[in-house]
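Whatever order the structure lists ligands and atoms in, that order sets their numbers, starting from 1. All residue numbers in this chain count up from 1 along the given sequence.
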Amino acid sequence: MSVQKVRKAVIPAAGLGTRFLPATKAMPKEMLPIVDTPTVQYIVEEAVESGIEEILVITNSNKHCMENHFDKDYELEARLTESGKTAQVKMINDIANLANIYYVRQKEPKGLGHAVLCAKSFIGNEPFAVLLGDDVVVNKGGKPALKQLINAYERHKASVVGVQTVPKDQVNKYGIVAPNKNVAADGRAVKLDNLIEKPNKEEAPSRMAVLGRYVLTPEIFELLEDQGAGAGGEIQLTDAICRLIDTQAVYAYDFEGIRYDVGDKFGFIKATVDFALDRPELRGQVMEYIQSIAKSK
Ligand code: G1P
């Protein structure tokens with residue numbers, strides 16, 4: 001049996017960004033730059049490199065500049081052209097041509113499950129990806145995290161959530177999966193029995209946390225439509241995926257790559273340092289600076 005290709009992705013970006021106030025008072029958190037590139041651009045690039053053709057961003061009324069970022073800017077282009085800055089002209093045009101990006105507003109902040117439900121008519125009856133903007137994943141020299149999940153989806157013909165192991169004292173920050181003990185793991189993929197959103201240490205069924213990447217079958221929408229509020233009083237995507245297990249197989253895939261929690265201040269700083277060290281034009285200076293503070297503190 002062949003499976004439908006995963007062509008569409010949803011990027012929920014309607015969060016208030018309260019962990020990054022005051023920066024996010026007037027600016028969407030998705031536009032905070034890591035070195036010089038907004039975090040949401042890394043997410044869109046991952047989707048495109050994974051074969052995604054159409055992207056729906058779930059926004060709110062405060063997110064106009066994200067739409068501008070992925071649009072053409074004729075005035076800027078004209079000015080850069082006049083001053084002979086051809087590399088920059090190419091850079092801004094490449095961003096505008098990255099993908100077909102659409103936007104829809106989530107009218108009330110009712111949680112991630114509710115945000116994904118806003119994509120129902122855009123997705124229709126096909127499998128789709130979800131990428132969360134707080135999780136930036138780098139897999140240097142390897143396949144992007146989402147591509148790894150899409151491959152697992154094609155192999156198992158079932159929904160796949162991307163996971164990695166987290167320390168025991170952090171399970172309460174994530175959706176935690178329970179592998180089915182009767183089905184042997186297939187490489188990095190395990191069949192699931194259950195998922196729990198933000199369990200406490202004692203009730204967590206494993207340390208494998210869902211880290212912002214999903215490939216889902218469209219049946220998830222029927223479940224999201226009548227999904228009640230869960231952890232934090234919000235409609236949780238994790239709870240609907242858990243109910244999906246009653247009618248179809250769901251897998252977790254332990255993806256390769258370094259994941260940065262850029263929704264967290266320290267995670268953001270780590271991403272900034274690592275991404276800067278990866279830039280040939282910055283590496284030398286940044287390294288020298290880090291070494292000098294390490295010696296002096
Ligand atoms: C969301 C999901 C959670 C997942 C996490 C990954 O939580 O609900 O299942 O583990 O993203 O970053 P949030 O961080 O939005 O509270």
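- When the options H156, R155, R213, Q148 are evaluated for a side chain to side chain contact (heavy atoms under 4.5 Å, CB included) with Y253, the one that passes is Q148.
- Close approach of ligand 1 to Q236 (heavy-atom distance below 4.0 Å) involves ligand atoms 8 (O).
- Distance from atom 10 (O) of ligand 1 to its nearest protein heavy atom, with residue and atom name: V210 O, 2.5 Å.
- Scanning the protein heavy atoms around atom 9 (O) of ligand 1, the nearest turns out to be E197 OE1, 2.7 Å.
- For atom 12 (O) of ligand 1, the closest heavy atom belonging to the protein is D135 OD2, 2.9 Å.
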Criterion side-chain contact (heavy atoms from CB on, under 4.5 Å) on E30 and K63, from CA distance to verdict: CA-CA 9 Å; E30 294 77 14; K63 310 273 176 166; 2.9 Å; yes

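- Contacts between L132 and ligand 1 below 4.0 angstrom, taking non-hydrogen atoms only, involve the side chain exclusively.
- T37 contributes no side-chain N or O that, together with a main-chain N or O of I34, makes up a donor-acceptor pair within less than 3.5 Å.
- Where the criterion is an N or O separation shorter than 3.5 Å, residue side chain and backbone included, G175 meets it with respect to ligand 1.
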field: Stepwise side-chain contact (heavy atoms from CB on, under 4.5 Å) test for L21 and T24
entry: CA-CA 5 Å; L21 281 168; T24 50; 3.6 Å; yes

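- Note: T18 OG1 to K25 NZ = 14.5 Å, rounded to the nearest 0.5 Å.
- For a threshold of 3.5 Å applied to N or O pairs, the pair formed by K198 and ligand 1 contains at least one separation below that value.
- Geometric assessment of K8 against the ring of F122 yields a positive cation-pi assignment under the 6.0 Å and 45° thresholds.
- Considering backbone and side-chain atoms alike, T238 places an N or O below 3.5 Å from some N or O of ligand 1.
- For atom 14 (O) of ligand 1, no protein non-hydrogen atom is found at a distance below 4.0 Å.
- Checked by atom type and distance alone, the side chain of Q236 pairs as donor or acceptor with a backbone atom of A231 at under 3.5 Å.
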